[in-house]
Structures are given as structure tokens and as C-alpha cells.
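For reference, the structure is listed below as C-alpha cells.
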Amino acid sequence: MKQIFTILLLFASVIGSFAQHTISGIVTDEKNAPLPGVTVYVMSLAKGTVTDDNGKYELNNMPSGELQLQFSFVGRANVIRYTKLQKSDLQLNIVLNPSAIETEEVLVTSGYNNTQHENAVKIDVLKMQNNTNLISANLCESLAKIPGVDLITKGSGVAKPVIRGLSRDNILSLNNGMRFENFQYSDHHPLGIDEYDVENVEIIKGPASLLYGSDAVGGVLNFLKEKPASVGSFVADYNFKYLSVSQGISNNVGIKAAGSHFFGGLRAGFKSAADYLQGDGDFVPNSRMKEQAFHANAGYNNSWSSLKLFYDYNSEKLGLVEPEAVAETTERGREVGLMFEQITSNMVSSQKKIFVGDYTIEANASWQNAVLAHAQNNDLVELEMALRTLTYELKVHLPSGKNAEYIIGAQGISQQYSNINDRVTLLLPKASVDSYAAFALLQYTFFDKLNVQTGLRYDQKQIQTNSIGQLHEESFRAAISRDYGSLSGSVGATYQPSEQFLLRYNFAAAFRTPNLAELTANGPHEEVYEKGDASLIPQKALENDLSMHFHSANITFD
């Protein structure tokens, strides 16, 4: 698997140039008046522009093949157009009609090049750039605005999403489409993704193992980064938020720019909160927190490929509301130095697309390093663990007709758990986890109204651990070696008899393999004693999902 991925990247570096095209046109309203300031965005290339005072737009250096353009403007319904560029430039004029609601989005998490109405799996979109979604204390609390999504909260900085009753390792988190790993098996560990550079969150409610493998039994949260600046522009912004109940302060600053080929951006943020104030006037001792974050991105587009690079840093220091800390905290404050946990993560990722005739090849990879520490105070750290994760995937969009889409792909994950700096507590043993998968997806549309989607996936996973302690000791944990093989799949369809009305059905089979804590834990962890079981088998899920959707210019109903 790794050799295939390396060969593809080498191929991408030496491939010659291909034909390039220009897409241009005029965007008007329903009365044929030009609309300035309309955003024109090509999702697959992370490239966009805005219309000028005469409603004109132009996108240069566009590759041959199938592309998807989204036209959006406040107060008007989004328009999404599929285009297939071959031998000539394209003139594409668009009319945007008034609408009080945004009826449709281009989806990233579906796996296909789809809109919401075309996908058999219902995917909700939470727009974080909308100011009404930014008033919560953290990103997870904003997710509770979506029906079917709830929260487990453990303080100002800790909130775990719950989808249809399932949480923690049953919900898979993606950072801009890449699997995010930072000890999420516990309900008091923070999510580790801040809202500073998140533009949208896409939520799948229900099994999604077909696309993402283990840990997507309950659903998927995909945190999508803000779009690059429009071609030829430079943008800077500063944001500040204050929450009285915790004296919480959140602020961030960002800059981004884009030229005809290159784009990039930087964003940094800081949060701080004092002990939470309850309704009776008392505060919750040691419920304070601090968070620092930094994000950087850069990319390059030309007529045959696109490359996006990302770096994310996040560090959260969270006071723990435990009996010892409660007894010693006599005054409300915001300095975190007594009974706390700290999770620091670094993530580097790349996303590469190559357009070769009617083929589109995607090669994505990420490397993550997460460190978890539990401490009595700044001088006494009791537990310190590191998790290093390499993920990689290759997807090939095969040539297809007007009504079809065929995708084959492979994914891999390699993880290393270790205990560092010789701390007293060993919550988990040193371990390695390796997983490989292959999958195929098919989408076909009949008579422009019935869209059928199906797919199949096979995963192979191996977990190996070292022993802890001596054989005669009560705390002894034997080394284990486990292999799991799992088959998952789904079949579904959408039927759209009219532009406003949609029926959707999907059947999915999913799985989750036991995590390292469930297999090997043996000792106290916060307020519970955890005891692992090395004989655990994968958890399986079957789900039928039926829904309907209706929208008009002023009403949406699901």
C-alpha cells in the first residue's frame, strides 16, 4: 500500500503539462440585472473568484475533465453546475433567484462529487462562518444545533458529540477530510479541533464505515477548513468573543491571499476561561481552561493538478473538577496549575489531485503527533502518553458517462502508542496498530430522477502490544496480538420527482474494532476503574434510513 502511494506521488512530480481552459460568464438576477460580488468556487481545486461590478467572472488554468462549480450569494439560492471541459473554453451564464434559505451545498464527506440532494446518505451542514453559530463556548456545543446531535460535557473545554445515542469512538472525527486521532476514547478528553479556521461542519448521522472504516458506526463529523482567498485578493480578519458565565475570552487573527496559481493563509487563536459560574452564584472549582492554536496552509493549482498542504497545532490545558482540586480551590480564577490534563497535537496533511483525461486521481496523506498528560500540578505529571498516526489514501475516479460515477480506492493507517518521560502511571501499554482497506463505489442515475448509490469495503486490522509489569504482579498486563477482518457496505437511492421534493433511502452495514483501552486497560482512570478484555470482538451495526425533503424559497422541511 505504501509503495503504491509513493509511486503515485513520483508520477505526479514528473507528469507533463496538459491542456488548460478558461471558464467565464455573467451572473444575473431574475430580472437579468448583473450581480456583483457572487462567489464562484470550484471545490475540487480549492479555487474561486467573485463577479465584478458587471456580474462577470473568469477562471483560468482549468483542467480538462469533469468539474463542479458552485455559485453563491447572500439572499439567493445556490446554483451548482457540472461541466466537462475537453477541447475548448466554456462560457457559462448563471441566474440566481431570491431565496430566504440556502437549499443545497456541494458535499465533501459523501465520497462522490455530489450535492446534498443527490446523496443517498443524509448529510447535515453546519455553517461556522454564520455568526449565530459562533456564540457557543466551543465548537462542539455548536453541533447541538443539528437535530439528532447531543453532547456530553465535562467543563468549559470538554464536550463530546453524541449522534443517535452513540459517542466517543463510535463517532469518527475528520480534520478537513483526514482522520483525526488524539485519544478520543474517553468522554473527558477534548475533541482537539478548534473553530478558528473551520468554515463548515458536515455531519453524517449513522453508519459510514464504507468510506472511513472502523469508528464510524454512529456517524462522522468532518470539520472543513475555510476556503482560500479569491484569485487576486488579500484578506485579513480579527475575531473576538466574550462569555460572561465563564469570563471566557476567545480571539483569533487570520490572513490569506491567492494568485493565479498559488494560495496560502495563516491563522492563530487563543482562548482562556475562568471557573464556571452557576445559577446560584457559586462557581465550579477548577473548571478553568486555556487553549492555543495555529494553522497554516498553502496550495498550488495548474491545468492538470492541484496540491494543498496544511499544518495544524492545538494545545488545550483543562482543569479537572475532582475532589482534591475542589478542596484546594477557594477562589475563582483562570490560571490552570492544579489537577489538570493537557492534550497537544500537531498535524501535517497533504491533498493531491491529478486530472488525466477522464481519470481523476486523489492521493491524500497526513501525519499526526498527539501527547496526553495528566498532572497533579505543574511540577508533578503522573501520566504522559504519545500517539503518532500516519494515514494515507488513494482514490481513482474512473471514466464514466453522464449519469454514472465509478470510484475505487485504498486506505491505510499506522499508529504507534508509547508512554514517555518515565511517568508513574501507565494507562495503556506500548502498542502498534496497522490497518489496510480497499473499497469500490458506484453511482448511477436513471431517467434524471432516480439516483442509486452502492459500495463495498474490506478492512484488515492488526493490534500488537507490549506487556506491562511482571507476571506475578497484580497489575501485570500480558502482551496481545489481535487480527480483525471486517466487511462493510451500503446501498441507497434518492428519488426527486420535482425540484422541491426529494425522497431518500439508505441501508448500511458498519463495524468498529475494539480500541486499545478496551483491550488492555487495568487501573483507575479519573472517577472509574477501567478493566480491558483482550477477547473483545468487533462491534457491528445495521441501519435503515428513510427520509423526505421539501423546500421552497422560504420553507425547508425534513
Side-chain angles (χ1 to χ4, degrees), residues 136-141 151-160 173 175 180-198 240-243 245-252 267-277 283-295 311-347 368-387 419-421 423-425 427 525-527:
S136 301
N138 57 53
L139 179 55
C140 267
E141 289 188 13
L151 295 174
I152 299 173
T153 59
K154 289 294 185 73
S156 297
V158 183
K160 286 289 184 182
S173 296
N175 185 352
F180 187 71
E181 297 284 343
N182 73 334
F183 304 101
Q184 294 179 24
Y185 60 85
S186 176
D187 59 13
H188 70 270
H189 293 169
L191 183 65
I193 299 177
D194 62 75
E195 71 269 27
Y196 298 135
D197 74 331
V198 174
F240 177 83
K241 178 171 61 179
Y242 176 78
L243 298 170
V245 74
S246 62
Q247 296 180 355
I249 297 172
S250 174
N251 60 103
N252 70 89
R267 186 169 294 278
F270 173 78
K271 287 182 184 177
S272 174
D275 296 319
Y276 188 86
L277 188 65
F283 66 91
V284 181
N286 208 39
S287 58
R288 55 195 70 175
M289 61 84 69
K290 286 187 177 180
E291 179 180 0
Q292 297 172 325
F294 176 77
H295 308 278
Y311 170 70
D312 298 290
Y313 167 83
N314 184 270
S315 181
E316 293 182 78
K317 192 174 183 181
L318 310 166
L320 299 175
V321 184
E322 296 187 349
E324 183 178 340
V326 170
E328 294 189 29
T329 304
T330 57
E331 295 183 0
R332 190 183 186 196
R334 66 174 64 244
E335 187 61 36
V336 184
L338 175 68
M339 292 292 293
F340 64 85
E341 68 175 355
Q342 184 166 5
I343 294 186
T344 302
S345 63
N346 290 272
M347 180 174 181
Q368 304 167 61
N369 181 50
V371 176
L372 167 66
H374 283 212
Q376 289 283 347
N377 52 58
N378 288 322
D379 298 321
L380 180 57
V381 179
E382 297 177 314
L383 176 151
E384 196 167 10
M385 300 169 54
L387 171 59
N419 294 285
I420 58 178
N421 296 325
R423 304 304 185 186
V424 175
T425 302
L427 183 63
H525 186 204
E526 301 308 323
E527 66 273 12

Quiz item: How about Val284 and Asp275: do any of their side-chain heavy atoms sit closer than 4.5 Å?
Solution: no
Quiz item: Who pairs with Lys290 by salt bridge (charged side-chain N to carboxylate O under 4.0 Å, His left out), at least two apart in sequence or on another chain?
Solution: Glu335
Quiz prompt | Residues forming a side-chain hydrogen bond (donor to acceptor under 3.5 Å, both in side chains) with Glu328, sequence neighbours excluded | solution = none
Quiz prompt | Asp194: side-chain hydrogen bond (donor to acceptor under 3.5 Å, both in side chains) partners, not counting sequence neighbours | solution = His295, Asn314
Practice problem: Looking only at non-hydrogen atoms, find the nearest pair between Ala370 and Glu181 and report the distance. | Solution: CB-O, 4.0 Å
Self-check item: Contacts of type side chain to side chain contact (heavy atoms under 4.5 Å, CB included), residue Phe270, not counting sequence neighbours
Solution: Asn251, Ser272, Gln292
Practice problem: Give, for atom OG of Ser246 and atom CE of Met289, the distance between the pair rounded to the nearest 0.5 Å. | Solution: 9.0 Å
Practice problem: Under the side-chain hydrogen bond (donor to acceptor under 3.5 Å, both in side chains) rule, collect the residues that match up with Glu382, sequence neighbours excluded. | Solution: Gln376
Quiz item: Do the side chain of Arg288 and the main chain of Val336 share a donor and acceptor less than 3.5 angstrom apart?
Solution: no
Quiz item: Which residues satisfy the side chain to side chain contact (heavy atoms under 4.5 Å, CB included) test with Asn419, sequence neighbours excluded?
Solution: Met385, Leu426
Quiz item: Going from CD on Glu195 to NZ on Lys241, what distance comes out if it is rounded to the nearest 0.5 angstrom?
Solution: 4.5 Å
Practice problem: List the atom of Arg334, the atom of Ala274, and the distance in Å for their closest heavy-atom pair. | Solution: CB-CA, 3.8 Å
Practice problem: Could you tell me the separation between the CG atom of Leu277 and the CG atom of Leu243, rounded to the nearest 0.5 Å? | Solution: 12.5 Å
Quiz item: Going from CD on Glu324 to CG on Leu338, what distance comes out if it is rounded to the nearest 0.5 angstrom?
Solution: 7.0 Å
Practice problem: For Asn377 and Phe340, work out which heavy atoms get closest and say how close. | Solution: C-CE2, 3.7 Å
Quiz prompt | Separation of Glu316 CD from Leu372 CG (nearest 0.5 Å) | solution = 11.5 Å
Quiz prompt | Test applied, side-chain contact (heavy atoms from CB on, under 4.5 Å); reference residue, Ser315; option that passes from Ile343, Val371, Thr344 | solution = Thr344
Exercise. Check whether any side-chain heavy atom of Tyr311 sits under 4.5 Å from a side-chain heavy atom of Phe294, and report yes or no.
Key: yes
Quiz item: Any side-chain heavy atom of Asn182 sitting closer than 4.5 Å to one from Gln368?
Solution: no
Self-check item: side-chain hydrogen bond (donor to acceptor under 3.5 Å, both in side chains) involving Tyr313 - partner list, sequence neighbours excluded
Solution: none
Quiz item: Any donor-acceptor pair under 3.5 Å linking the side chain of Asn286 with the backbone of Val321?
Solution: no
Self-check item: Residues in salt bridge (charged side-chain N to carboxylate O under 4.0 Å, His left out) contact with Arg423, at least two apart in sequence or another chain
Solution: Glu384
Self-check item: Qualifying residues under salt bridge (charged side-chain N to carboxylate O under 4.0 Å, His left out), relative to Asp312, sequence neighbours excluded
Solution: Lys225
Quiz item: Taking C-beta and beyond as the side chain, do Val381 and Gln342 meet within less than 4.5 Å on heavy atoms?
Solution: no
Quiz item: Which atom pair, heavy atoms only, marks the closest approach of Phe180 to Met347?
Solution: CD1-SD, 3.8 Å
Exercise. Quick one: closest heavy-atom pair of Glu331 and Phe283, and the distance?
Key: C-CZ, 3.6 Å
